[in-house]
Amino acid sequence: MWSLVRFELNQDRRELGVASHWTLLEALRYGLGMTGSKQGCDKGDCGACTVLLDGEPTLSCITPALEAEGRRVTSVEGLATAEGPHPLQAAFGECGAAQCGFCTPGILMSAAALLDRNLDPTRDEIKEALSGNLCRCTGYTKILDAVELAARRLREAEQAEDERATA
Amino acid sequence: MLRLPAFEYHRPQTVEEAARLLDGFGDQALAIAGGTDVVPNMKHGLFEPAQVISLRGLPELRGIHVRGAELVLGAGETLASVAAHPMVRLHAASLAEAAGLVAGPQLRNMGTLGGNVCLDTRCTYYNQTRFWRQALGYCLKKDGDTCHVTRVGRKCVAAHSADTPPALMTLGASADFVSARGERSIPIADLFIADGIWNTVRRPDEILVRVRVPLPPEGTRTAFRKVRQRNAIDFPLLNMALACELDPEERVRSIRLVVSALGSRPRMVSGLDEVATGRTLSDEVVEAVAGKAHQQCRPLTNIIVDPEWRRAMVPVHVSRMLRGLTTPAAAA
């Protein structure tokens with residue numbers, strides 16, 4: 001059975017026809033050609049398919065596409081802006097936090113949600129926030145370093161912004 | 001790639017409408033809330049519903065608040081919101097702890113309290129792809145007639161693997177169900193039966209609407225522990241919850257201990273009153289309680305990791321949990 005689903009994807013309004021048994025990941029990858037979100041275990045273990053649904057990290061491989069109706073979806077394609085990559089993406093590159101890169105989009109989304117609510121996370125808070133994302137290459141250390149670096153830069157940018165506002 | 005089989009998807013707006021759909025479609029229908037267990041199971045061909053009824057939009061399943069002498073939790077609240085809610089942390093710390101240790105962050109953002117209470121059992125020979133299961137001639141729980149765990153048994157021994165029920169049982173909680181035939185309330189301690197195929201007395205047409213936890217008496221301390229291979233994502237190899245009411249002299253007034261992830265239902269450890277009530281939690285009492293738990297818990301090879309090791313861990317963690325009640329540092 002086919003139905004129409006409407007949601008906001010990376011601040012764009014999207015509307016597409018999906019079979020009722022499609023997952024949100026299948027709708028993104030095969031319906032919209034947004035292949036940034038990865039299909040890993042495809043059963044909710046590995047976190048490679050993580051997207052933000054109304055701002056919360058969610059596994060798109062086990063979310064029925066029709067559940068996205070009327071909601072706000074952010075995928076890894078929504079992180080960078082016209083000005084450049086997201087600070088997390090820049091930090092991942094600089095720290096060597098991506099090797100094969102397959103887990104990276106999911107990890108970026110979990111990290112982005114963390115930094116949205118907490119710009120000064122402890123190392124343990126970063127570990128907790130990323131604990132639903134598996135990486136088989138890096139051993140995680142460089143990933144944690146990259147999130148710390150991005151958080152520091154975002155804090156510095158915010159501070160500079162505040163100083164400009166008060167000056 | 002694991003595709004879902006085709007089905008029709010329904011998004012009712014009220015619990016009444018959802019109950020009517022479940023009733024009308026009968027055994028063709030399956031209710032889905034967070035979908036974190038149901039969707040992978042459908043991808044493995046373990047559930048094959050033609051009609052899927054989403055419970056996500058039902059306002060009746062929302063909200064966490066204290067009403068009278070009870071903490072009332074909507075069954076559709078996510079595990080993340082149960083874990084973080086100040087009222088849950090205040091009145092039912094073990095429940096908040098248990099909810100916060102389920103799987104990983106994404107799954108807690110999606111999975112619901114109701115889904116965790118009604119979670120299907122798990123087994124090495126069951127939670128596999130159809131190809132894997134077919135190669136072994138399927139199993140007693142699904143599509144086959146042999147249990148690969150007991151080899152001779154006629155009873156499915158798949159493991160109860162939810163984390164919140166042990167906490168809810170020690171807290172004396174009840175579950176309210178709604179179906180087209182009316183409402184009923186079941187104490188969570190009476191909800192589970194020792195049948196791995198369908199391990200609750202809930203009928204498939206019943207929707208868990210809310211869970212009610214009586215506010216514990218003054219002096220009650222609660223705890224939850226979970227053993228798993230990694231500290232995230234994994235299902236429990238063993239979990240346990242404790243609610244212990246202590247008088248001002250720290251003597252035990254009442255004690256309830258539930259151990260799970262071993263057999264098809266959580267086990268309320270019996271005979272604790274005779275070894276603990278009226279006494280302080282001395283080393284001797286802690287050992288006696290741990291001994292009772294060890295005696296009564298007999299894991300099987302239904303999930304990975306040596307059952308003898310899982311059994312040996314029962315008294316170890318019961319002791320740590322009990323010592324942590326009076327000296328929090330001992331719980332590590």
Side-chain angles (χ1 to χ4, degrees), chain A residues 1-3 5 18-27 29-30 38-71 106-107 109-111 113-114 117 124-134 140, chain B residues 1-11 13 30 32-57 78-81 83-84 100-111 115 127-129 132 228-235:
Chain A
M1 197 181 74
W2 291 79
S3 340
V5 60
V18 294
S20 48
H21 60 280
W22 279 18
T23 62
L24 176 57
L25 180 66
E26 288 163 346
R29 288 181 64 87
Y30 311 121
K38 296 292 177 257
Q39 199 157 15
C41 70
D42 218 7
K43 60 191 181 74
D45 290 334
C46 75
C49 67
T50 304
V51 298
L52 307 186
L53 203 50
D54 292 331
E56 296 287 350
T58 298
L59 300 175
S60 60
C61 77
I62 53 169
T63 301
L66 291 174
E67 287 298 340
E69 176 69 34
R71 298 173 77 186
I107 292 187
M109 298 323 288
S110 289
L114 170 69
R117 59 172 195 273
D124 279 344
E125 284 168 336
I126 300 172
K127 281 187 191 170
E128 167 64 27
L130 301 186
S131 64
N133 293 84
L134 299 179
Y140 301 100
Chain B
M1 219 160 102
L2 288 166
R3 301 299 306 269
L4 279 168
F7 50 77
E8 272 187 61
Y9 202 71
H10 304 266
R11 305 181 69 213
Q13 296 304 306
L30 182 72
I32 175 175
T36 54
D37 196 52
V38 163
V39 172
N41 284 358
M42 283 169 66
K43 287 186 165 191
H44 282 166
L46 302 173
F47 303 140
E48 301 161 296
Q51 312 289 336
V52 174
I53 322 287
S54 168
L55 305 180
R56 167 169 252 288
T78 63
L79 292 162
S81 68
L101 288 175
V102 175
Q106 297 97 322
L107 291 159
R108 290 194 294 274
N109 287 338
M110 303 165 70
N127 297 94
Q128 304 288 354
T129 58
W132 194 106
R228 49 182 166 173
Q229 287 149 302
R230 301 172 287 201
N231 283 328
I233 305 177
D234 290 335
F235 280 91

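Keep in mind that what you see is a predicted model, and the values were worked out from it rather than measured. Chain letters run A, B, ... following the sequence lines, proteins first and then strands; every chain starts at 1.
- In this structure, the portions of A:Glu128 lying under 4.5 Å from any heavy atom of chain B include both its backbone and its side chain.
- Atom OG1 of A:Thr58 and atom CZ of A:Arg71 lie 7.0 Å apart (nearest 0.5 Å).
- A:Leu53 does not touch chain B: none of its heavy atoms, backbone or side chain, sits under 4.5 Å away.
- Interface remark: A:Ser110 contributes side-chain atoms only to the contact with chain B (heavy atom separation under 4.5 Å).
- Counting heavy-atom pairs under 4.5 Å between each of B:Arg3, B:Arg108, B:Met42, B:Arg230 and chain A puts B:Arg3 at the top.
- In plain terms, the two heavy atoms of A:Leu59 and A:Gly44 that are nearest each other are CD1-O, 3.5 Å.
- The shortest non-hydrogen separation linking B:Leu2 to B:Lys43 is O-CE, 3.1 Å.
- Contact annotation for A:Ser131: both backbone and side-chain heavy atoms come within less than 4.5 Å of a heavy atom of chain B.
- Formation of a donor-acceptor pair under 3.5 Å by the A:Ser20 side chain with backbone atoms of B:Phe7 is found in this model.
- Between atom CZ of residue A:Arg29 and atom NZ of residue A:Lys38 there is a gap of 5.5 Å, rounded to the nearest 0.5 Å.
- Interface residue A:Cys41: only backbone heavy atoms are found under 4.5 Å from chain B.
- Among all heavy-atom pairs drawn from B:Pro40 and B:Gly35, the shortest one is CD-O, 3.5 Å.
- Neither the backbone nor the side chain of A:Ala113 has a heavy atom closer than 4.5 Å to any heavy atom of chain B.
- Take B:His10 and apply the ring pair (Phe, Tyr, Trp, His ring centres under 6.0 Å) test, not counting sequence neighbours, and it matches B:Phe25.
- Both the backbone and the side chain of A:Glu56 come within less than 4.5 Å of a heavy atom of chain B.
- The parts of B:Met1 that come within reach of chain A are both its backbone and its side chain, each placing non-hydrogen atoms under 4.5 angstrom from that chain.
- The candidate with the highest count of non-hydrogen atom pairs below 4.5 Å against chain A, out of B:Gln106, B:Glu8, B:His44, is B:Gln106.
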